[in-house]
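Shown next, in structure tokens, is the structure this report addresses.
Only a predicted model underlies this, so the values are computations on that prediction, with no experimental measurement involved. Here, residue 1 is the first one in the sequence, and each next residue gets the next number.
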Amino acid sequence: MNIAVVSAEVAPWSKTGGLGDVCGALPRALAALGERVLTIAPRYKAYPDAWDTGVRARIYLFGQTHEVGYFHAETDGVHHLFVDHPSFHRAGIYGDSYGAYGDNLFRFALLSRAAIEACTRVPLNGEPLGEDVIFHANDWHTGVLPLYLEALYRPAGRFSRAGTVLGIHNAGHQGTTAAHEFAGLDVSARWWPAADFDGRLNPLKCGATLARKIIAVSPNYAREITRDLGFGLEGIFSSRGRDLFGILNGVDDAWDPRTDKHLEQTYGIEDVAEGKRANKAALQRELGLPARPDVPMLGLVARLDHQKGVDLVQAAAPWLLRHDVQLVMLGSGSSALEGWFREAERTWPDKVRGWVGFNERLAHRIEAGADIFLMPSRFEPCGLNQMYSMRYGTVPVVHATGGLVDTVETFDPLEDRGTGWAFPTFSVEGLVEAMGWALYTFRGHKDAWRGIQRRGMERDFSWDRSARLYRDAYEASRP
């Protein structure tokens with residue numbers, strides 16, 4: 001099977017969150033299954049490992065012809081193409097300190113067209129991918145890719161066997177813009193209903209309407225976007241119910257406590273107690289916290305925005321810190337929450353550390369050193385940190401939403417089952433109640449705690465499992 005994964009982000013070259021991680025890891029897992037895989041993303045800057053193919057394509061958009069180039073890299077059996085055009089050469093992927101770029105529709109429409117053209121133009125160690133291909137578009141940025149196939153290519157007898165899949169990583173971002181922008185896409189006005197959302201152009205609706213299959217990043221999130229988390233597109237997703245899949249994201253091998261190069265001491269399920277003790281001590285030393293092996297350490301690594309629910313942790317902090325815990329937080333985003341990180345350090349200097357920014361090494365060390373991981377997201381399409389936590393023997397306390405429902409089972413002491421705590425109601429009271437049970441179990445029921453850790457570490461969150469499900473959905477997407 002020939003697969004083209006088209007995305008605004010592909011880690012490690014470009015990443016702002018889970019989209020980049022998925023589009024970096026899933027192709028490797030598909031290649032390991034024997035599939036021929038190509039990722040296509042913008043060339044935001046010069047990547048040392050990508051070379052100029054010399055291939056150029058001329059694409060007409062928004063009233064003029066634009067020339068794009070293609071740079072090629074190959075890693076772990078996956079081909080990677082980077083579409084080169086001046087509109088991608090900016091400091092940010094989607095915007096800057098003044099907000100989103102005003103020409104994002106043009107930029108990502110150009111990516112979509114360039115991706116289709118690449119499949120027949122750019123040799124990949126001998127020959128192009130070809131027209132018998134599955135296009136995996138991702139989020140609103142490539143929502144117009146299925147439109148181009150249906151409006152421009154199939155009527156011309158091209159890509160007749162090509163499948164189309166739209167990946168939904170976050171339905172809250174839809175790229176909605178003014179209706180008059182549709183004229184710039186260079187397709188017939190008869191296709192306008194596919195993009196029309198209350199009189200505005202909605203690229204995500206376009207993809208959700210025209211892609212042959214839709215894949216949400218967890219089974220529960222696939223249900224949620226048909227009910228109350230489709231951000232106005234619930235009806236579209238519901239009407240596509242037979243074509244809507246929910247496939248849980250996997251965990252990249254970089255997040256494995258047995259081999260993690262960032263840790264003070266690597267460990268596995270057989271020596272989790274010793275490994276976590278060593279990593280907690282190292283994290284306490286590094287951050288200047290009192291070296292107390294028995295104090296419950298709470299970890300939080302998150303983007304500081306409305307979705308992630310960090311404001312619940314802020315509201316619950318006085319209660320938490322009265323119960324003799326250490327709280328280590330890492331994140332950036334909202335200036336108000338960044339300010340609270342700093343204020344919390346000043347208020348509780350022996351108990352709290354709030355690192356503003358992102359630090360990959362510290363994120364790994366928090367996962368390994370913490371006893372409990374906080375993830376109180378308002379909504380969470382899939383979530384990765386709760387899976388990282390379980391793999392590291394760190395017990396997650398999460399809000400029961402999206403992929404968190406699919407991955408974290410609330411501990412039941414009577415049945416001795418569960419991998420953490422998932423509180424059903426998004427509220428400070430819900431978080432406090434779940435944390436109360438977690439702290440009670442950590443301090444007073446060590447055998448039960450070890451069982452929770454063991455079950456979490458035994459969960460299979462590998463990309464191999466997810467990739468096989470994606471492959472089935474791809475095959476079903478053919479015309």
Side-chain angles (χ1 to χ4, degrees), residues 4 6-10 14 16 19 40-45 53 55-71 81-122 135 137-156 158-159 162 164 166 173-211:
V6 188
S7 174
E9 305 176 27
V10 175
S14 53
T16 64
L19 172 62
I40 308 173
R43 182 176 182 256
Y44 296 111
K45 58 184 179 180
T53 64
V55 177
R56 300 291 183 266
R58 293 171 67 80
I59 296 168
Y60 186 80
L61 278 177
F62 286 83
Q64 58 182 301
T65 300
H66 304 270
E67 183 175 275
V68 300
Y70 298 93
F71 284 69
L81 283 184
F82 303 99
V83 178
D84 190 54
H85 185 266
S87 67
F88 297 130
H89 303 166
R90 298 175 185 171
I93 291 178
Y94 306 113
D96 54 24
S97 59
Y98 297 100
Y101 297 131
D103 61 346
N104 275 343
L105 177 65
F106 160 74
R107 298 169 73 229
F108 295 120
L110 184 67
L111 169 65
S112 299
R113 281 290 308 276
I116 298 171
E117 291 293 327
C119 291
T120 57
R121 290 172 177 264
V122 184
F135 285 102
N138 289 275
D139 276 349
W140 77 262
H141 322 108
T142 47
V144 297
L145 191 153
L147 169 65
Y148 283 129
L149 278 176
E150 301 300 334
L152 300 181
Y153 290 87
R154 294 203 210 274
R158 300 187 59 196
F159 292 94
T164 51
L166 177 68
H173 300 293
Q174 301 182 0
T176 306
T177 188
H180 67 80
E181 299 278 3
F182 186 80
L185 296 179
D186 191 38
V187 297
S188 167
R190 75 182 186 88
W191 292 97
W192 166 247
D196 179 12
F197 183 71
D198 292 336
R200 290 171 62 78
L201 193 166
N202 186 317
L204 187 67
K205 183 204 170 188
C206 191
T209 301
L210 296 176

What closest approach, in Å, do P203 and G175 show between heavy atoms, and which atom pair accounts for it?
-> CD-O, 3.3 Å
Could you give the distance from NZ (K205) to CG (D196), rounded to the nearest 0.5 Å?
-> 5.5 Å
Give the intermediate values and the outcome of side-chain contact (heavy atoms from CB on, under 4.5 Å) for residues F62 and E181.
-> CA-CA 8 Å; F62 286 83; E181 299 278 3; 3.1 Å; yes
Would you check, one step at a time, whether the test side-chain contact (heavy atoms from CB on, under 4.5 Å) holds for L105 with L185?
-> CA-CA 9 Å; L105 177 65; L185 296 179; 4.3 Å; yes
Can you find a pair of side-chain heavy atoms, one from Y60 and one from R113, that are under 4.5 Å apart?
-> no
All heavy atoms of A211 vs all of P146, minimum pair found to be N-CB, 3.8 Å
Aromatic contact, W140 with F108 (centres under 6.0 Å) = yes
At their closest point, which heavy atom of A162 faces which heavy atom of R154, and how far apart are they?
-> O-NH2, 3.0 Å
Side-chain donor/acceptor of K45 to backbone N/O of A91, under 3.5 Å = no
Nearest-0.5 Å distance that lies between atom OG1 in T53 and atom CG in L81 | 7.0 Å
What are the two closest heavy atoms between A4 and I40, and how far apart are they?
-> CB-CD1, 4.4 Å
Hey, does R158 have a side-chain heavy atom less than 4.5 Å from the side chain of T120?
-> yes
How are the rings of F159 and F135 set relative to one another: parallel (under 30°), tilted (30 to 60°) or perpendicular (over 60°)?
-> tilted
Side-chain (R107) to main-chain (Y94) donor-acceptor, under 3.5 angstrom | no
Is there side-chain contact between L201 and W192, with heavy atoms separated by less than 4.5 Å?
-> yes
Flag side-chain contact, heavy atom, 4.5 Å: L210 against L166 = no
Value for CG (L152) from CG (D186), rounded to nearest 0.5 Å, stands at 6.5 Å
Verify, without hydrogens or angle tests, whether R90 (side chain) and D96 (backbone) share a donor-acceptor contact under 3.5 angstrom.
-> no
Can you name the closest pair of heavy atoms from A189 and F182 and give their distance?
-> CA-CE2, 4.2 Å
Taking the side chain as C-beta and beyond, is there a heavy-atom pair between E117 and Y148 under 4.5 Å?
-> no
All heavy atoms of S14 vs all of A8, minimum pair found to be OG-O, 3.9 Å
Nearest-0.5 Å distance that lies between atom CD1 in I116 and atom CD1 in I59 = 9.0 Å
Distance col, row L110:CG vs H85:NE2, nearest 0.5 angstrom, shows 5.5 Å
Quick check: does any side chain N or O of T65 sit under 3.5 Å from a backbone N or O of R58, one acting as donor and the other as acceptor?
-> no
Where the side chain of H173 meets the backbone of D139, is there a donor-acceptor pair that is under 3.5 Å apart?
-> no
Flag the pair Y70 / D84 as yes when at least one side-chain heavy-atom distance between them is below 4.5 Å, and no otherwise.
-> no
Spacing of T142 atom OG1 and L147 atom CG [to the nearest 0.5 Å] | 12.5 Å
Is the backbone of R56 close enough, under 3.5 Å, to the side chain of E67 for a donor and an acceptor to pair up by distance?
-> no
Relative to each other, are the rings of F88 and Y44 parallel, tilted or perpendicular (30° and 60° limits)?
-> perpendicular
Are any side-chain N or O atoms of Y101 and backbone N or O atoms of G92, one a donor and one an acceptor, separated by less than 3.5 Å?
-> yes
Indicate yes or no: at least one non-hydrogen side-chain atom of L111 is less than 4.5 angstrom from one of H141.
-> no
Of V6, V10, L19, the one forming a side chain to side chain contact (heavy atoms under 4.5 Å, CB included) with N138 is L19
